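Read through the structure below, which is laid out as C-alpha cells, and then see the notes.
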Amino acid sequence: MSPRAERSFFACDAEALARRLLGQTLVRRFRGRTLRGRIVETEAYVGAHDAASHAYKGRMTERNRAMFADPGVCYVYFTYGMHHCFNLSCGALGDPQAVLLRALEPLDGHDVMRELRDREDIADRLLCRGPANLAKAFAIERSVDGVDTVTSDELYIELVRRRAPRSSSMGNTPRIGISQRAGAWRDKPLRWYLRDSRSVSGSR
DNA sequence: TTCAAGATTTCCT
DNA sequence: GGAAATCTTGAAA
C-alpha cells in the first residue's frame, strides 16, 4: 500500500508540485467505491503575479479563497456554465499558488467513472482526459472546494514515488486555454505531462 | 444592477 | 475549423 501525500509534499511552489504530481495516484471514495487514477497532466498557476491566475494581483474572492489555503487543500471552481475544474493549493498559507489537474489514466473504478461521465461507450483513455472530464469522472464539484487532501478520507493523493519523474520523460508546454489578456503569461511553459501516456489532453 | 468573459467540451459542417 | 451550451463571477456603472 502506497503512503499518502502529507503536508510537506504540497509545501512547495506550483511548478515543483506540477512535476512532482505526475505519476502519483489520485484516490476518491464515492458511494462506497474507490476510484483511482494516475496523474498524467498538470498546469501550474504560480501566484499573485500570474496574470492567467484567478488570484492575479492577490485578489481573494469567495470563489478562489481555497487558493490561499494550506498546501494540499482542494480548489474547485465552476466555469463555462457547466464545468468544474480541480486544483490543489500549494506554497505557504496565504500564497495563492495552485496546480490544475488536467488528465488522469483510470486505474480503479472504471465502471463508476463511466456512470458519472454519463457515457457507456467511452474509451478508458478518454474517461479522465481534460480538466472538466476528470472532475466529472471523479465526482468532483463545488462541494469538494476547501477539502484538505492531507486529512480527508474522501479525496487524497497516494505516493507512487518520492521525486518528480526524469525531465526526459515529461513534456513541457504553455498552458491550455489562456486568453491573450494574460499577456506574456500566456506563453510561459507551465504545463507538464507524461510522454508515455495516451490520456493527455490537447494533442492526440 | 448590468454585462462580458471564462484555466471547456462536444457536435456540426 | 467553428459555434453552441449555459451560468457564475467580477468589474464597471
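Order of the sequence lines sets the chain letters (A, B, ...), proteins ahead of strands, with each chain counted from 1. Bear in mind that the values here come from a model prediction, so they are computed numbers and not experimental data.
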d(CE, A:Met60; C1', C:dG10) in whole Å: 15 Å
Pair A:Asp50 + A:Lys188: basic N to acidic O under 4.0 Å: no
Per-nucleotide protein contact string for nucleotides 1-9 of chain B, where B marks a base within reach and S marks sugar-phosphate only (heavy atoms under 4.0 Å, - for neither): -----BBBS
Sugar-phosphate, base or nothing in reach of A:Arg186, heavy atoms under 4.0 Å: nothing
d(NE2, A:His84; P, C:dT8) in whole Å: 10 Å
Shared-cluster residues of A:Phe68, by chain and number - hydrophobic side chains joined below 4.5 Å: A:Met60, A:Met67, A:Tyr75, A:Tyr77
A:Arg102 charged N/C atom sitting above A:Tyr193 aromatic ring, 6.0 Å / 45°: no
Pairwise C1' distance, C:dA3 and B:dA5 [rounded to whole Å]: 16 Å
For C:dA13, the Watson-Crick or wobble counterpart (both distances under 3.5 Å): none
Ion pair A:Arg19/A:Asp13, N-O distance below 4.0 Å: no
Pairs involving residues 54-70 of chain A, ordered by first then second residue, that meet salt bridge (Lys or Arg N to Asp or Glu O under 4.0 Å) (sequence neighbours left out): none
Nucleotide opposite C:dT8 in a Watson-Crick or G-U pair, distances under 3.5 Å: B:dA5
CG on A:Asn87 to CG on A:Asp145, rounded to 0.5 Å: 9.5 Å
Gap in Å between the two P atoms, one belonging to C:dG1 and one to B:dA7, rounded: 23 Å
